[in-house]
Amino acid sequence: MSKELHVTSLVVQVLPEKMSAVRQAIMAMENAELSVNDEVKLVVVIEGTSKRGLMDDVDAVGNLPGVLSSSMVYHQCEELDEGEI
């Protein structure tokens, strides 16, 4: 049976005074990593094995205190052969 791998990236706008807390919260997420960041903007990459789990993580980032907006700019889904995950 094959599995799916979902990868998405988000551009996240953050209040400058909340940036440190938002960065820490994202880095604590199991499936997320920071790709690019500056004083008010982050690029977040999220991976998961289900669309539902991925969307839960996307929603979690968007609902962090201090996040002004979160826009998905990329999404890819690949079928993986058994044993690839």
Side-chain angles (χ1 to χ4, degrees):
M1 173 182 239
S2 64
K3 292 189 176 193
E4 294 179 336
L5 174 65
H6 294 265
V7 179
T8 193
S9 62
L10 310 170
V11 174
V12 182
Q13 296 283 120
V14 182
L15 290 169
E17 63 271 18
K18 298 288 187 177
M19 182 58 79
S20 178
V22 170
R23 281 186 189 134
Q24 289 177 5
I26 291 170
M27 289 187 298
M29 294 174 70
E30 183 178 337
N31 298 321
E33 65 181 60
L34 295 174
S35 177
V36 175
N37 63 83
D38 63 24
E39 298 81 31
V40 295
K41 181 175 49 189
L42 302 171
V43 175
V44 180
V45 177
I46 301 173
E47 293 184 1
T49 56
S50 73
K51 185 175 180 180
R52 178 75 257 152
L54 186 83
M55 294 312 297
D56 288 346
D57 288 341
V58 168
D59 289 342
V61 169
N63 290 322
L64 290 171
V67 171
L68 298 172
S69 68
S70 175
S71 302
M72 186 183 304
V73 294
Y74 175 80
H75 178 243
Q76 178 178 344
C77 176
E78 292 185 26
E79 292 270 331
L80 300 177
D81 293 330
E82 194 171 322
E84 281 192 273
I85 291 185

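Any value given below was found using the heavy atoms of this structure, including those in side chains, with hydrogens, waters and symmetry copies removed.
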Should [X] and [Y] be regarded as members of a common hydrophobic cluster, given that ILVMFWY residues are connected when their side-chain heavy atoms come within less than 4.5 Å of each other, either directly or indirectly?
X	Y	value
V12	M19	yes
M29	M72	yes
Y74	L54	no
I26	L15	no
V40	V22	no

Exercise. Report the C-alpha separation of L42 and V14 in whole Å, then their side-chain angles, then the decisive distance to 0.1 Å, and conclude whether the side chain to side chain contact (heavy atoms under 4.5 Å, CB included) test is met.
Key: CA-CA 8 Å; L42 302 171; V14 182; 4.2 Å; yes

Exercise. Give a yes or no answer on whether the side chain of T49 reaches the backbone of L5 with a donor-acceptor pair at less than 3.5 Å.
Key: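 Looks like no, no N/O pair under 3.5 Å.
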
Euclidean distance, [Y] [atom2] relative to [X] [atom1], rounded to 0.5 Å:
X	Y	atom1	atom2	value
S71	Q13	OG	CD	8.0 Å
L34	R23	CG	CZ	7.5 Å
M55	H6	CE	NE2	11.0 Å
I46	N31	CD1	CG	8.0 Å
T8	Q76	OG1	CD	10.0 Å

Quiz item: Among all residues two or more places apart in sequence or in another chain, which pass the side-chain contact (heavy atoms from CB on, under 4.5 Å) test with S35?
Solution: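 Checked S35 against side-chain contact (heavy atoms from CB on, under 4.5 Å); matches are V43, V45.
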
Quiz item: Which salt bridge (charged side-chain N to carboxylate O under 4.0 Å, His left out) pairs, counting each pair once, include a residue from residues 29-53, with sequence neighbours left out?
Solution: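 As it turns out, the salt bridge (charged side-chain N to carboxylate O under 4.0 Å, His left out) pairs with a partner in residues 29-53, which skip direct neighbours, are R52-D56.
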
Practice problem: Considering non-hydrogen atoms only, spot the tightest contact between E4 and C77 and give its length. | Solution: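 Shortest heavy-atom separation between E4 and C77 comes out as CD-SG, 3.8 Å.
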
Practice problem: For G62 and S70, work out which heavy atoms get closest and say how close. | Solution: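 Scanning both residues completely, I find the closest heavy atoms to be CA-CB, 3.9 Å.
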
Quiz item: Is there a side-chain contact between D59 and V61, using heavy atoms and a 4.5 Å cut-off?
Solution: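 Answer no - side chains too far apart.
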
